[in-house]
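Within every chain, numbering begins at 1; the chains are lettered A, B, ... in the order of the sequence lines, protein sequences first and strands thereafter.
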Amino acid sequence: MPEPSSSSAESPSPPSVADPAAAAFVIVASDVRRSFGRDAVLCGASLQVKQGELLALVGRSGSGKSTLLSVLGGLDRDYQGQVTLFGKDLAALSDAALSQLRNEHIGFVFQSFHLLDHLSALENVLLPNAFAASPLAHAAAHERAREALARVDLADRATARPPELSGGQKQRVALARALFFRPQLLLCDEPTGNLDVTTGQRIIELFATLNQREGLTLLLVTHEPRVAAVARRVLRIDAGQVVSGSATDLVTDQSTELAPDSARPAHRQEDPP
Amino acid sequence: MSASNAAFFRRRLGLVRLIRQNIARAPRPFALSVFGITLGIAALSFFLSLSLGMQERVLRRIFPADRLEVVPQKTSFDSGAAGALDALGSLLGAGPKPLDAQVLATLRAHPDVQTVFPRMKVAFPVRGWGGESLIGRTAYLDLPIDGIDPEAVAPELRQTGQPLAFVDHEPTSNTFCTDDKGCPSGQFCDWDVNKCRPPVPVLISPFLIEVYNSSIAKMNGLPRINGFVLGRLRGFVFVADLGRSFLARKTVTDKVRYRHMVLAGVSDRATPIGITVPLAYVKRWNAEIAGERAAQEYSSLSVQMKPGRPVTRVLEQVRKLGFTVEDNGAEQAGLAVLLLTALFVLVSLSTLAVAAGSVTHTFFRAIAERRHELGVLRAVGASRADLLFILLGEAAVIGLFGGVFGLALAWLSATGIDLLSRSALPDFPFKPDSYFLFTPSLCALALGFSVGTCLLGAAWPARTAARLSPAAALSGQR
Ligand SMILES: Nc1ncnc2c1ncn2[C@@H]1O[C@H](COP(=O)(O)OP(=O)(O)OP(=O)(O)O)[C@@H](O)[C@H]1O
Ligand SMILES: [Mg+2]
């Protein structure tokens, strides 16, 4: 298959674009390119995410899901192309402004939790407050952190340190931390990847609740078939581009991983699955 | 405005809390870094305080820095062409230029000079004797006498609360007597003229007391002169035979004078060898016994500089006028202390440099170990500036601890050495109670150096850490 040209208009159109004028877009990314050395991972990825959407991002291992998520969340600024978050061009933001955007408006949840082991669950949840432009006062911050922990059913584990928590508990602490400042956007990279089936199910239910009740916009990178039940649409990364996928992508994800992919970028070194 | 200030401080406070948590988590590398800095700062402040102490407690006492003692040119061949000319002059009978009232007036007019006090030596030998009431026998010794304007010592005597007047009593004395009993209390009979007169007030130098204490008293088993003994010695009366030498066992004049003298006090300005009396006495005695010329020429002029003025310009004028200043070794001693200080400070600074290097090393290692954590902080909203603040804050805390511990260590060693010196070292002139001086500015300097060293050491690793892309930090890749 020929390499798509650089223009986003010619690349597979960002899937299921409802009327762009009708809804506020939380994320608008067009023609995003990111390579590591000679290894081009994203080659003209484009997508748009509306306010209040819950969508799943799938793709083979190594296809660039995490890379895309980092770019969209402002964790990785070494990309070409344009990414607009809440109407702001990420490339134009200063480091301080981008950090503040992450702090107030974006929550991250990662497969490996990324908690700080030397802090208690409560202190982990409190972390974003330290970097806020105008932090909450001590008492208010603690109250909010406790609320956040209660929301993920961990009110009784506030003083525990991450090593004393189970995987599911850790992920819920991470979720509570991500929700501390009631962000508009939650970016999750395989949030259930390290969890057993039932625990993963609970986390997914939590996501669905947040999306439905509070209108939180969620972008989930996942291999989890059950996300299909809650996700309104599914995107797939293929050959460094974002194409629309279907619920079956979720179910068959594990097998596609092993399938040869003729559309992989040309100079891509093959990595073992 | 105040609301945003409050937010600013709350934010800083939150970051400071993170710093505290980070230090509490890894106390061992923290303690190691603190230890290195402690040693460097301890060495630095030890040597600096030693140097300060030597200057303030020893040198300053031996050589007051704000004074010059102007004396006639010495007629010696080794002082260059001018000296040679002078020597020629004195061969021809001219002698060195005299220090007279005119020179005094010229120097007094110099803008850098606060005051000038003339001094005049008694131009003939004097034998002093007395002391039966103190040591049970009469002691004799040759007594060089120096006269000084009472104004020169008045402030010092007032300040140290020495009660006996140091003034010229001579004109007020005229009652006829044959012995002391015939005199009003406080007066003595000077039997060469059979008149009752108040005794001549005498000042001695603290230097003399030091020398007495550390050598004469020790060798002869005599009591040391301390504050208490000095209080009792004050008012001690002895007799001076003017015009008679004890060592040479001869009289130089047919008109030997006898004067009662009383020890009035101790003064920095008193001559270090001999005794010091009000100038007017010396003028009269010189005129009477050695002739009018001896009563006109001063032996030296004590120049007191205005506070903070350098002596250089005055020195220049002194040389121009054809005089010189007494070389008391102050310059050499000061230079020696300075050089030693410089040497030790260099050694301490290199210790500090090593400590800074170890801070750099520790921070690079810590940052490598904490990459993931730094990535997490960035993900939840820490900016580069925040990471710099946190990492440099940790360095500053190391510096603060190192500085405080270093100062404490230096102070402990100094105290130990002082104790040892007091108990184990024999007395010597100007042996100080303490060789060290810890001033507030020295402590501030040490703390500043300590914190500065750590900040410097951590700057590079902290910058590297702050520049790391959050995604790379989280993924554990470059
Ligand atoms: N910092 C990096 N340096 C070099 N190569 C990288 C870096 N990050 C990612 N890559 C490469 O980019 C490609 C995409 O990685 P990415 O982590 O985005 O994949 P993924 O879709 O998230 O895979 P998985 O499902 O296994 O998590 C991989 O080949 C990976 O080796
Ligand atoms: Mg991934």
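More than 12 heavy atoms of other residues, nucleotides or ligands shown are found within 6.0 angstrom of CZ on A:Phe36. The environment of B:Arg422 atom CZ is dense: over 12 non-hydrogen atoms of other residues, nucleotides or ligands sit within 6.0 angstrom. Within a 6.0 Å sphere centred on CZ of B:Arg463, other residues, nucleotides and ligands contribute 12 heavy atoms or fewer. Environment of CZ in B:Phe449: sparse, with no more than 12 heavy atoms of neighbouring residues, nucleotides or ligands closer than 6.0 Å. Counting heavy atoms of neighbouring residues, nucleotides and ligands inside a 6.0 Å radius, atom CZ of B:Phe364 exceeds 12 of them. Within a 6.0 Å sphere centred on CZ of B:Phe401, heavy atoms belonging to other residues, nucleotides or ligands number 12 at most.
Listed in order of number, the residues of residues 110-117 of chain A that approach chain B to under 4.5 Å between heavy atoms are A:Phe110, A:His114, A:Leu115, A:Leu116.
Between chain B and the residues A:Arg102, A:Gln100, A:Arg77, A:His118, the largest count of heavy-atom pairs under 4.5 Å involves A:His118. Across A:Ala130, A:Ala141, A:Pro135, the residue that shares the most heavy-atom pairs under 4.5 angstrom with chain B is A:Pro135. The candidate from A:Ser94, A:Ser134, A:Pro128, A:Gly74 with the greatest count of non-hydrogen atom pairs under 4.5 Å with chain B is A:Pro128. Interface remark: of the candidates B:Ser383, B:Gly14, B:Ser469, B:Gly375, B:Ser383 forms the most heavy-atom pairs closer than 4.5 Å to chain A. Most heavy-atom pairs under 4.5 Å with chain A, from the set B:Glu373, B:Arg12, B:Arg17: that is B:Glu373. Residue with the most contacts toward chain B among A:Thr67, A:Asp78, A:Leu136, A:Ile106: A:Leu136 (heavy-atom pairs, distance under 4.5 Å).
Across every non-hydrogen atom of A:Leu75 and B:Pro470, the tightest pair is O-CD, 3.1 Å.
If you take OG on A:Ser120 and CD on B:Gln21, they are separated by 8.0 Å, rounding to the nearest 0.5 Å. Summarising the geometry, atom OG belonging to A:Ser99 is positioned 11.0 Å from atom CG belonging to B:Leu377; distances are rounded to the nearest 0.5 Å. A distance of 7.0 Å separates CZ in A:Phe131 from CG in B:Leu387, rounded to the nearest 0.5 Å.
Between A:Asp95 and B:Arg378 a salt bridge is recorded (basic side-chain N to carboxylate O distance below 4.0 Å).
When side chains are defined from C-beta on, A:Phe108 does not count as touching B:Val376, because their heavy atoms never get closer than 4.5 Å. Counting only heavy atoms from C-beta outward, the side chains of B:Arg10 and A:His138 never approach each other to under 4.5 Å.
Residue contact with chain B, scored on non-hydrogen atoms closer than 4.5 Å, involves the backbone and the side chain of A:Ala137 alike. For a residue to count as touching a neighbouring chain, one of its non-hydrogen atoms must lie under 4.5 Å from one of that chain's; by this rule A:Leu69 does not touch chain B. With a threshold of 4.5 angstrom between heavy atoms, A:Glu104 does not approach chain B through any atom at all. Residue B:Arg370 does not touch chain A at all, counting heavy-atom pairs closer than 4.5 Å.
Checking A:Asn124, A:Leu127, A:Leu126 one by one against B:Val380, the side-chain contact (heavy atoms from CB on, under 4.5 Å) holds for a single residue, A:Leu127.
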